[in-house]
Amino acid sequence: MKAAVLHKINDLRYEDVPDVIAGEGETLIKIMAAGICGSDLSRVFGSGAYHYPIILGHEFAGLDEKTGRKCVVFPLLPCRKCAMCMIGEYVCCENYDYYGSRRDGGFAEYLSVKNENILYVDGDISYDVLAMCEPAAIALHCVYLADIKVGNRVLITGAGPIGLIAGYIAKINGAEKVYFIDIDQRKLDYAVSLGFDIYKNQKADVFIEGTGVSSALETGLEAARPFGTVVLLGNPYGDIKISQKSYWHILRKQLVLKGTWNSMFNPFRNEWQIVLDLVAGGRLPLENMISHRFSLEDCNKAFEVLKNKTEFVNRVMFVNY
């Protein structure tokens, strides 16, 4: 079969790889769409991967060819033995694995996945929209932790796909206003076209930090109202430092500071199913997040578009249908 294989930093190749075979407790999935995450971009051009060669891709949707059913795949593979796994908190697993990160993922024609990680989908949702389920579930989990109330004003730093989806879900949860900050004016213009507002020193009841950048964190801490909630969402690519003044904002405003990681996919709360229900009900237009579509054989071109940002880019998607 064909796959986009990362051999080392700056060395991504579309090439033949051995066919995958479903093992015990697994299902062979034909990959129909897979999105490029910012973490994939870093693995190809920046910090690198856990090992080489590796097939990246943790945001994907496909077809179970045996049953003919569409499906999405939760990419985190918990050990199911540690204390956190015993209570269903798989994202805090002490010894997890991960499709497209620690093991081969969805930038390929086929992938064999654990049965318990598959969520089957009925209805006519397109595969590229289904592949947005992973970042959407992350955004939903973040908003869930933010505990947004009706009438709240929300500030989000970073108008990328996850930030914009968080904005949609914040409004679904009753937010009166959602403000965005981004260094790319094209992203802010797009956010406005979707019905959001640009931050202009407004105060916020909830601040979601989606960039992993110190300056963005400081801006949000200053904007937060007393007794407000701050949720840290963005992955940092270096040390995060704040000034004494910003630290005082946390203390003197008595802010609630939370971290968020991944999404919940367990018998008690399945945020992937919540996302799918919102999409099916027409309340979460994930198709608005996809700006570019490529075939897998054009993998290097797709990554270059995302890297160079010479044009407006939101989510870049590989499609195979």
Side-chain angles (χ1 to χ4, degrees), residues 38 135-261 263 271 274-275 278 283-285 288-289 312 314:
I138 289 174
L140 188 141
H141 185 62
C142 171
V143 174
Y144 168 69
L145 292 176
D147 193 24
I148 292 170
K149 304 291 194 304
V150 173
N152 277 176
R153 297 189 169 216
V154 179
L155 170 62
I156 302 175
T157 48
I162 293 179
L164 292 173
I165 298 169
Y168 273 130
I169 298 172
K171 285 196 170 185
I172 290 171
N173 279 266
E176 178 184 349
K177 289 284 187 179
V178 177
Y179 306 109
F180 275 96
I181 295 174
D182 202 287
I183 60 174
D184 188 335
Q185 185 61 44
R186 295 170 298 185
K187 290 187 176 183
L188 290 178
D189 292 342
Y190 190 62
V192 171
S193 76
L194 297 178
F196 302 115
D197 293 280
I198 297 176
Y199 173 71
K200 297 178 179 178
N201 298 315
Q202 302 95 334
K203 292 300 180 182
D205 304 287
V206 174
F207 164 46
I208 296 173
E209 202 303 286
T211 68
V213 176
S214 300
S215 58
L217 176 58
E218 292 209 333
T219 298
L221 290 173
E222 183 171 0
R225 294 184 187 277
F227 306 106
T229 298
V230 176
V231 183
L232 304 182
L233 167 67
N235 275 323
Y237 294 101
D239 292 339
I240 300 296
K241 299 178 181 180
I242 61 173
S243 64
Q244 183 184 46
K245 180 182 178 181
S246 292
Y247 193 84
W248 274 336
H249 283 311
I250 299 172
L251 299 181
R252 295 181 178 181
K253 295 180 186 177
Q254 300 190 62
L255 301 178
V256 176
L257 186 63
K258 296 182 179 182
T260 182
W261 180 252
S263 58
E271 290 169 334
I274 296 172
V275 165
L278 289 172
R283 303 185 68 193
L284 187 58
N288 290 344
M289 299 299 106
F312 170 72
N314 205 29

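Positions are given from 1 along the sequence.
Contact annotation: the side chain of Val154 never approaches that of Asp205 to less than 4.5 Å [non-hydrogen atoms, C-beta and beyond]. Side-chain contact between Tyr190 and Asn314 is present, with at least one heavy-atom pair separated by less than 4.5 Å. Inter-residue side-chain proximity for Leu233 and Ile162 is flagged as met; some heavy-atom pair is nearer than 4.5 Å. Here the side chains of Leu188 and Phe180 are in contact, with some heavy-atom distance below 4.5 Å. Tyr199 is not listed as a side-chain neighbour of Ile156, based on a closest heavy-atom distance of 4.5 Å or more. With a 4.5 Å cut-off on side-chain heavy atoms, Glu218 and Ser243 count as touching. Proximity of Ile165 to Met289: side-chain heavy atoms (C-beta onward) are separated by under 4.5 Å at one or more points. Side chains of Leu284 and Val275 form a contact here, defined as non-hydrogen atoms less than 4.5 Å apart.
For the residue pair Ser246 and Glu222, no side-chain donor N or O sits within less than 3.5 Å of a side-chain acceptor on the partner. Between the side chains of Asn288 and Tyr168, at least one donor N or O lies within less than 3.5 Å of an accepting N or O. When only modelled atom types and interatomic distance are considered, Thr211 and Glu209 share a side-chain donor-acceptor pair under 3.5 Å.
Nearest heavy-atom pair across Leu155 and Gly220 is CD2-CA, 4.0 Å. Scanning both residues, Ala146 and Val206, for their nearest heavy atoms gives CB-CG1, 3.7 Å. Minimum interatomic distance between Ala166 and Ala139 (heavy atoms only, all atoms of both residues): N-CB, 3.6 Å.
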Next item on the list: Under the side-chain contact (heavy atoms from CB on, under 4.5 Å) rule, what do Phe207 and Leu217 come out as? Steps first, then yes or no, please.
Entry: CA-CA 9 Å; Phe207 164 46; Leu217 176 58; 4.0 Å; yes
Next item on the list: Output, in order, the C-alpha distance, side-chain angles, deciding distance and verdict of side-chain contact (heavy atoms from CB on, under 4.5 Å) for Val230 and Val256.
Entry: CA-CA 6 Å; Val230 176; Val256 176; over 6 Å; no
Note to self: Checking Thr157 against Ile208 for the side-chain contact (heavy atoms from CB on, under 4.5 Å) test, could you report, in this order, the C-alpha distance in whole Å, the side-chain angles of both residues, the deciding distance, and whether it holds?
What the structure shows: CA-CA 7 Å; Thr157 48; Ile208 296 173; over 6 Å; no
Notebook entry, point to check: Can you list the steps and then say if Ile148 with Val143 is a side-chain contact (heavy atoms from CB on, under 4.5 Å)?
Noted result: CA-CA 7 Å; Ile148 292 170; Val143 174; 3.7 Å; yes
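Note: Asn201 CG to Thr219 OG1 = 9.0 Å, rounded to the nearest 0.5 Å. To the nearest 0.5 Å, atoms CD (Gln244) and CD1 (Ile242) are separated by 10.5 Å. In this structure, NZ on Lys258 lies 6.0 Å from OG1 on Thr229, to the nearest 0.5 angstrom.
For the pair Lys241 (side chain) and Ser214 (backbone), a donor-acceptor distance under 3.5 Å is absent.
For the side chain to side chain contact (heavy atoms under 4.5 Å, CB included) criterion with Ile169, the lone passing option out of Leu164, Leu140, Ile274, Val178 is Leu140.
Within a 6.0 Å sphere centred on CZ of Phe312, other residues, nucleotides and ligands contribute more than 12 heavy atoms. Summarising the local packing, CZ of Arg186 is surrounded by more than 12 heavy atoms from other residues, nucleotides or ligands at distances under 6.0 Å. Annotation for Ile183: atom CD1 does not count as buried by contact number, only 12 or fewer foreign heavy atoms lying within 6.0 Å.
Among pairs with a residue in residues 166-183, those fulfilling salt bridge (Lys or Arg N to Asp or Glu O under 4.0 Å) read Arg153-Glu176, Lys177-Asp197, at least two apart in sequence or across chains. Listed by first and then second residue, the side chain to side chain donor-acceptor pair (under 3.5 Å) pairs involving residues 138-152 are His141-Glu271, Asp147-Lys149 (not counting sequence neighbours).
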